[in-house]
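Scroll down for the structure; my scribbles are underneath it.
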There are 2 protein chains.
Amino acid sequence: MPKISSSKTSPLSVHSASANEPPFEQPCPIRDVLNRIGDQWSLLVLETLYPEKKRFNELMREIGDISKQMLSRTLKKLEQDGFITREVYPEIPPRVEYELTPLGHSFLKPMRTLVGWADDHHRDIVNARQRYQPAERQWQQPK
Amino acid sequence: MPKISSSKTSPLSVHSASANEPPFEQPCPIRDVLNRIGDQWSLLVLETLYPEKKRFNELMREIGDISKQMLSRTLKKLEQDGFITREVYPEIPPRVEYELTPLGHSFLKPMRTLVGWADDHHRDIVNARQRYQPAERQWQQPK
DNA sequence: CGGAATCCCTCCCGATACTG
DNA sequence: CAGTATCGGGAGGGATTCCG
């Protein structure tokens, strides 16, 4: 079983390295991956990019409630990590297309396993939350 | 295919509701789930809890670099969502045991699919990052 | 059209101290 | 032992503006 924990003493903090010091070896693969796709938008962008390449504004429209900034940031991160490619066409007006790489495609499978689970069990989770009582913790709500 | 996007106009923000207004229906299951397990510690705690129940300080020791506060918070969230149970033994000194629920166990499978993928492809990602050049973005680094 | 720069604000999370 | 209260820094992310 692959490890999730950090290696020994090293903190797991995946501080994105400064510009001139690229992130080299991460102590833990899964943490590293999660810190990329665990954000608000990455999964959604990857899914939207399937199956065919799309342009920036296409993605904006299809996703609907993402800001330009976040779409831009997300795309750049995904490109950096090799999940997607970015192709610029020297036209007026400019056109930029994003497309899944083989790595990106291969990621869709485990991702969908997780998405499927989430979909199947979301009701259970919501129900659990509603049933949840702060329990026998005997302190009072502060104020 | 289960949807990832938000439903229509509703923002995806999964603002944890205020204390007296529990989070009812989330617009998107996968987002909801990701916002729980996408944090720094949840996956690690779940994995550490497998296969047998463990006590608070056991978890502290095994994980190693988690603070008491974050362990406490993480456990509470996982308990709320029905991934784990919390059992308090009225002893001196106190003893509290955490254990995976069936829901928690069932989550381990898709989770490991993802972990496995991360493990298999982490090298590719690291390599992609190293190869990455800011590319043909034609503006100059601001200072 | 496809971004980048800036502002700002909200969580996340660590460190510490205190409690039953 | 098993937490909670509190403080505070920093990352995440929305809105807007500017620029090629």
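A note on names: the letters A, B, ... follow the listed sequences, proteins ahead of strands, and every chain is numbered from 1. Keep in mind that what you see is a predicted model, and the values were worked out from it rather than measured.
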Nearest-angstrom distance from the residue atom [atom1] of [X] to [atom2] of [N]:
X: Leu44(A); N: dG13(D); atom1: CG; atom2: P; answer: 12 Å
X: Lys77(B); N: dG3(D); atom1: NZ; atom2: P; answer: 17 Å
X: Tyr89(B); N: dA2(D); atom1: OH; atom2: P; answer: 12 Å
X: Glu58(B); N: dG3(D); atom1: CD; atom2: P; answer: 13 Å
X: Leu71(A); N: dG2(C); atom1: CG; atom2: P; answer: 10 Å
X: Ile37(A); N: dG12(D); atom1: CD1; atom2: P; answer: 14 Å
X: Leu34(A); N: dA11(D); atom1: CG; atom2: P; answer: 19 Å
X: Lys54(B); N: dG3(D); atom1: NZ; atom2: P; answer: 16 Å

Salt bridge flag under 4.0 Å for residues Lys53(A) and Glu87(A): no
Of all residues at least two apart in sequence or in a different chain, which pass the salt bridge (charged side-chain N to carboxylate O under 4.0 Å, His left out) check with [X]?
X: Arg95(B); answer: Glu91(B), Glu97(B)
X: Lys77(B); answer: Asp39(B)
X: Glu58(A); answer: none

Structure string for DNA chain C in dot-bracket form, Watson-Crick and G-U at under 3.5 Å, | interchain: .|||||||||||||||||||
Side chain to side chain contact (heavy atoms under 4.5 Å, CB included) involving Asp124(A) - partner list, sequence neighbours excluded: His121(A), Leu103(B)
Counterpart residues, side chain to side chain contact (heavy atoms under 4.5 Å, CB included), relative to Asn57(B) (two or more places apart): Met60(B), Arg61(B)
Extract from the structure each pairing of a protein N or O with an N or O of nucleotides 14-16 of chain D at less than 3.5 Å, listing the distance.
from	atom 1	to	atom 2	distance (Å)
dG14(D)	OP2	Trp41(A)	NE1	3.2
dG14(D)	N7	Gln69(A)	OE1	3.3
dG14(D)	O6	Gln69(A)	OE1	3.4
dA15(D)	N6	Gln69(A)	OE1	3.1
dA15(D)	N6	Gln69(A)	NE2	3.0

All side-chain hydrogen bond (donor to acceptor under 3.5 Å, both in side chains) counterparts of Ser67(B), not counting sequence neighbours: none
Residue mapping more 5' on DNA chain D - nearest nucleotide basis, Gly38(A) or Arg95(B): Arg95(B)
Closest listed nucleotide, where the reference is the side chain of Val96(A) and the choices are dG13(D), dG3(C), dG3(D): dG3(C)
Shortest side-chain distance from Phe56(A), nucleotide among dT4(D), dA2(D), dG2(C): dG2(C)
Arg55(A) side-chain N/O to dG2(C) phosphate OP1/OP2 under 4.0 Å: yes
Phosphate-side-chain proximity, Ser72(B) and dT4(D), N/O vs OP1/OP2 below 4.0 Å: yes
Lys109(A) side chain near Trp117(B) side chain, heavy-atom distance below 4.5 Å: no
N/O donor-acceptor pair under 3.5 Å between Asp32(B) side chain and Cys28(B) backbone: no
